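Working notes, beginning with the structure itself.
Computation of the quantities below employed the complete heavy-atom set of this structure, encompassing side-chain atoms and omitting hydrogens, waters and symmetry-equivalent molecules. The first residue in the sequence is number 1, and the count goes up from there. In this text, all values refer to a predicted model and were calculated from it rather than measured experimentally.
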Amino acid sequence: MLDQIHLLAAVTVLGVLEQAYFFLQVIYARRKFGISPPKISGPPEFERIFRAQVNCSEYFPIFLALLWQAGLFFHQGLAAALGLLYLCARYCYFTGYRASSSERLAPIYFSSGVLWILIAASALGILHFFLSHYVGLNILQLLTA
């Protein structure tokens, strides 16, 4: 069983570490600009870091759900590779947004594209499971015949 999920687990841990890094960046920015919680406004530099972290946190549960569904129902290796691409794009998004709000655009579009691919892989994998398990129709066998 573990050999079927080890790549997904590794990408999940990397994602959690990335989220922790983003949280730490907000803490450092709060100290640097003297902004105590619960305040969320301040200099544009702080607000960009804060918004980047919040945005990444908002998408993280969606990413995890899609990563695991695509990995379990479609292909673990492909899902893990897409997960690494997503995490890299989110890191680029965070660092780009920290520098300038316009530098966040290309990475956010790329990471959104990766999420759409994970959605497609998840949907195809789940559809294949339902058709083969409940209807007895194996699409893979039909395609290779």
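The main-chain N or O of R48 is never found under 3.5 Å from a side-chain atom of R104 such that the two would form a donor-acceptor pair. Formation of a donor-acceptor pair under 3.5 Å by the Q69 side chain with backbone atoms of S122 is not found in this model. Judged purely by atom type and a 3.5 angstrom limit, Q4 has no side-chain atom pairing as donor or acceptor with the backbone of L72.
Note: T95 OG1 to I49 CD1 = 11.0 Å, rounded to the nearest 0.5 Å. In this structure, the separation between CZ on F94 and CG on N55 is 11.0 Å, given to the nearest 0.5 Å. Between the CG atom of L118 and the CG atom of L64 there is a distance of 11.0 Å, given to the nearest 0.5 Å. In this structure, CG on L87 lies 11.0 Å from SG on C92, to the nearest 0.5 angstrom. Interatomic distance, R31 CZ to S36 OG, rounded to the nearest 0.5 Å: 11.0 Å.
Across every non-hydrogen atom of F110 and A89, the tightest pair is CD2-CB, 3.5 Å. Contact detail for W68 and T12: the closest heavy-atom pair is NE1-OG1, 2.8 Å. Among all heavy-atom pairs drawn from P43 and F33, the shortest one is CG-CD2, 3.7 Å. The two residues I5 and Q76 have their closest heavy-atom pair at C-OE1, 3.0 Å.
In this structure, V135 and F130 have side chains that are not in contact, with every pair of non-hydrogen atoms separated by 4.5 Å or more. Within the 4.5 Å cutoff, side-chain heavy atoms of H128 are placed close to those of N138. Considering only heavy atoms from C-beta on, E47 stays 4.5 Å or farther from P44 through its side chain. No side-chain heavy atom of K32 sits less than 4.5 Å from a side-chain heavy atom of E45.
Connection of I62 to V13 is not established within any shared hydrophobic cluster, with ILVMFWY side chains joined at heavy-atom distances below 4.5 Å, either directly or through further cluster members. Residues L8 and L124 are members of one and the same hydrophobic cluster, defined by side-chain heavy-atom contacts under 4.5 angstrom among Ile, Leu, Val, Met, Phe, Trp and Tyr. Using a 4.5 Å cut-off between side-chain heavy atoms of Ile, Leu, Val, Met, Phe, Trp and Tyr, with links allowed through other members, V11 and L7 fall into different hydrophobic clusters. In the hydrophobic clustering of ILVMFWY residues, with side-chain heavy atoms under 4.5 Å counting as a link, L84 and L78 come out together. Taken together through direct or relayed side-chain contacts under 4.5 Å among Ile, Leu, Val, Met, Phe, Trp and Tyr, F60 and L85 form part of one hydrophobic cluster.
With ring centers used as reference points, F63 lies 6.0 Å or more from Y59.
The aromatic rings of F129 and H133 lie parallel to each other, their planes meeting at an angle below 30°, with 60° marking the opposite boundary.
Listed by chain and number, the residues in a side-chain contact (heavy atoms from CB on, under 4.5 Å) with I117 are L82 (sequence neighbours excluded).
Side-chain heavy-atom separations under 4.5 angstrom define the hydrophobic clusters, and the remaining members of the one that includes I108 are Y93, Y97, L105, Y109.
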Donor-acceptor pairs under 3.5 Å, side chain of residues 15-27 to any protein atom, not counting sequence neighbours: which ones?
| unit_1 | atom_1 | unit_2 | atom_2 | d |
| --- | --- | --- | --- | --- |
| Q19 | OE1 | S57 | OG | 3.2 |
| Q25 | OE1 | R98 | NH1 | 3.0 |

